[in-house]
Amino acid sequence: MFCTPESVEQVRDTLRFLTKEQIPFFVLGKGSNLLVSDRGFDGVVVHLGKGFDQIRVDGNRVIARAGAGLAAIARRCLEEGLTGFEFAAGIPGSLGGAVVMNAGAYGGQMADVIKQVTAMDEAGELVSLSGEALEFGYRDSIFKRRKLIVLEVTMELAPGDRDQIAGTMQTLATLRREKQPLEYPSAGSTFKRPEGYFAGKLVMDAGLRGYRIGGARISEKHCGFIVNENHATARDVRELIEYARKEVLRQFGVELEPEVLFLGSDE
Ligand SMILES: Cc1cc2nc3c(=O)[nH]c(=O)nc-3n(C[C@H](O)[C@H](O)[C@H](O)COP(=O)(O)OP(=O)(O)OC[C@H]3O[C@@H](n4cnc5c(N)ncnc54)[C@H](O)[C@@H]3O)c2cc1C
């Protein structure tokens, strides 16, 4: 079942119902960091619907709802002449997903700009979290440990020069196009960066560049990505992830941890 609440009240009703009936649920953003099982997810997928993509600006503060896309927020920051969010312009996720993942790129991360988050717990109560309470780490936040739906986020940016902001966004977009296999579907970086190494380089040095299982392939352009080249199943991707982990561990003694999140029942 796929459920798209369109107001805070509807989110509350949904959560209360699902909790009371003990129905498992998953909160979906734009799904850009997910590998979903070929057998699907046996529960309810909750996706913030219409009305959750609003973006407001108050001085240097950007207050946006969790369904807003990072690209749309970055565009708005550019229009308002606010700097500090350029790093996120090319990340294809929603604000909610980016908060949960502490998404980051090119030296920036969500933790640097977030001041406060309003979320809702399973009982339907609103929770306000700020600063330290968000427990941000590398691709990590409190939301990975506490079941909360992110509803609204306040970010603080700084006044900047529009031309410079646009220039930075342009440069980062070009870098992405040059380095990342954006011509194929993927879930972004497959693995987290292990301390002292680069995951893509380890996979490449293990001799796995272009290695295929079924329709899934380790990108030739960037070995940190697994791309869906030809109708790959989730199982193909999963097996390729496990194979790459095994080989990197065997050859270099480094344990790779997936950044991609798995959803649904195991095959
Ligand atoms: C081509 C490509 C490039 C990428 N580049 C980057 C990059 O440079 N840096 C980076 O960090 N990531 C990158 N990613 C990964 C991904 O885009 C980010 O992790 C993004 O923040 C995920 O957002 P989403 O809305 O798609 O979340 P989803 O994939 O839908 O979900 C991710 C997690 O967030 C949770 N979630 C989503 N919305 C909410 C909410 N409202 N409340 C509570 N929980 C929620 C989900 O339950 C899940 O646990 C890339 C992905 C692709 C495909």
Side-chain angles (χ1 to χ4, degrees), residues 2-5 8 11 14-15 24-36 41 43-49 51-53 64-74 85-112 114 117-122 126-127 129 134 136-153 169 172-173 175-193 199-200 219 221-222 224-228 237 258-264:
F2 196 84
C3 177
T4 52
V8 172
V11 175
T14 306
L15 285 176
F25 69 91
F26 180 84
V27 187
L28 176 76
K30 286 186 186 282
S32 64
N33 205 43
L34 301 183
L35 179 66
V36 183
F41 169 64
V44 173
V45 172
V46 180
H47 175 71
L48 296 175
F52 278 101
D53 58 356
R65 289 190 141 192
L70 297 178
I73 298 172
F85 205 72
E86 295 88 326
F87 75 90
I91 304 177
S94 67
L95 180 58
V99 172
V100 173
M101 298 299 298
N102 186 18
Y106 304 110
Q109 56 176 354
M110 295 305 293
D112 301 338
I114 294 178
V117 172
T118 303
M120 190 175 275
D121 67 15
E122 284 174 290
L126 285 174
V127 182
L129 297 159
L134 297 163
F136 281 125
Y138 173 59
R139 300 293 172 268
D140 192 42
S141 71
I142 190 172
F143 303 101
K144 289 207 168 172
R145 291 171 284 284
R146 264 184 80 185
K147 191 116 191 179
L148 293 166
I149 294 198
V150 178
L151 297 174
E152 192 174 86
V153 181
M169 284 186 189
L172 298 186
L175 277 177
R176 267 184 199 273
R177 270 196 307 276
E178 279 172 10
K179 304 253 185 263
Q180 299 183 0
L182 301 182
E183 57 280 19
Y184 289 107
S186 78
S189 298
T190 312
F191 301 108
K192 292 186 182 175
R193 195 176 51 240
S219 164
K221 193 165 172 186
H222 189 320
F225 285 66
I226 290 181
V227 293
N228 180 353
V237 179
E259 179 172 323
V260 170
L261 302 175
F262 304 108
L263 172 63

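One-based numbering, in listed order, for ligands and for the atoms of each. Computed over heavy atoms, backbone and side chain alike; hydrogens, waters and symmetry mates excluded.
In Tyr106, the OH atom is crowded: over 12 heavy atoms of neighbouring residues, nucleotides or ligands sit closer than 6.0 Å. The environment of CZ in Arg139 is crowded: more than 12 heavy-atom neighbours from other residues, nucleotides or ligands sit within 6.0 Å.
Val27 O, 3.0 Å is the protein heavy atom nearest to atom 46 (C) of ligand 1. Among protein heavy atoms, atom 28 (P) of ligand 1 sits closest to Gly31 N, 3.6 Å. For atom 21 (O) of ligand 1, the closest heavy atom belonging to the protein is Ala98 CA, 3.2 Å. The closest protein non-hydrogen atom to atom 31 (O) of ligand 1 is Leu34 CD2, 4.1 Å. Protein heavy atom nearest atom 27 (O) of ligand 1, with residue, atom name and distance: Gly97 CA, 3.6 Å. Ser32 OG, 3.2 Å is the protein heavy atom nearest to atom 16 (C) of ligand 1. Leu261 CD1, 3.9 Å is the protein heavy atom nearest to atom 32 (C) of ligand 1.
The shortest N or O to N or O distance between Leu48 and ligand 1 is not under 3.5 Å. Looking at Val150 next to ligand 1, an N or O pair under 3.5 Å apart turns up. For the pair Asn33 and ligand 1, the shortest N or O to N or O distance falls below 3.5 Å. Remark: ligand 1 and Ala187 share no N or O pair separated by less than 3.5 Å (distance only, no angle test).
In this comparison of Gln180, Lys192, Lys30, Arg176, the heavy atom closest to atom 5 (N) of ligand 1 sits on Arg176. With atom 13 (C) of ligand 1 as the reference point, the heavy atom nearest to it among Val260, Ile91, Val117 is part of Ile91. When Ala119, Ala66, Gly104, Ser94 are ranked by how near their heavy atoms come to atom 10 (C) of ligand 1, first place goes to Gly104.
The closest side-chain heavy-atom distance from Leu70 to Lys30 is not below 4.5 Å. Taking 4.5 Å as the limit, every side-chain heavy atom of Asp140 sits out of range of all side-chain heavy atoms of Tyr138. The closest side-chain heavy-atom distance from Asn33 to Met101 is below 4.5 Å. Considering only heavy atoms from C-beta on, Val117 comes within 4.5 Å of Phe143 through its side chain. Contact of the Glu178 side chain with the Lys221 side chain is not registered, since no non-hydrogen atoms from C-beta on lie closer than 4.5 Å. By the 4.5 Å heavy-atom criterion applied to side chains, Met120 and Thr14 are not counted as neighbours. Taking the side chain as every heavy atom from C-beta outward, Met169 and Phe87 never approach each other to under 4.5 Å.
Only side-chain heavy atoms of Val100 come within less than 4.0 Å of ligand 1; its backbone N, CA, C and O stay farther off. Residue-level proximity to ligand 1 for Leu70 is absent, since no heavy atom of it falls below 4.0 angstrom.
Here the closest non-hydrogen pair linking Val260 and Leu34 is CG1-C, 4.3 Å. Between Ala119 and Val150, the closest heavy-atom pair is CB-CA, 4.1 Å. Heavy atoms only, all atoms of each residue included: Phe25 and Phe41 are closest at C-CZ, 3.9 Å. The minimum heavy-atom distance linking His222 with Lys179 is given by the pair CB-O, 3.3 Å. Annotation for Val11 and Phe52: closest pair CG2-CZ, 3.8 Å, computed over non-hydrogen atoms. Closest heavy-atom contact between Val237 and Ile226: CG1-CG2, 4.0 Å.
Ligand 1 lies less than 4.0 angstrom from a heavy atom belonging to Leu148. By the 4.0 Å heavy-atom criterion, Gln109 is excluded from the residues contacting ligand 1.
Remark: ligand 1 atoms within the under-4.0 Å shell around heavy atoms of Ala105 are 8 (O). The atoms of ligand 1 that sit less than 4.0 Å from any heavy atom of Gly188 are 2 (C), 50 (C), 51 (C), 52 (C), 53 (C). Close approach of ligand 1 to Phe26 (heavy-atom distance below 4.0 Å) involves ligand atoms 46 (C), 47 (O), 48 (C). Residue contact check: Arg139 has heavy atoms under 4.0 Å from atoms 11 (O) of ligand 1. Proximity to Leu182 (heavy-atom distance under 4.0 Å) selects the following atoms of ligand 1: 1 (C). Near Gly96, with a cut-off below 4.0 Å to any heavy atom, the atoms of ligand 1 are 38 (N), 39 (C), 41 (N). Heavy-atom proximity to Met101, at under 4.0 Å, picks out these atoms of ligand 1: 19 (O). Atoms of ligand 1 found under 4.0 Å from any heavy atom of Pro92 (numbered from 1 in listed order, with element): 2 (C), 3 (C), 4 (C), 17 (O), 50 (C), 51 (C), 52 (C), 53 (C).
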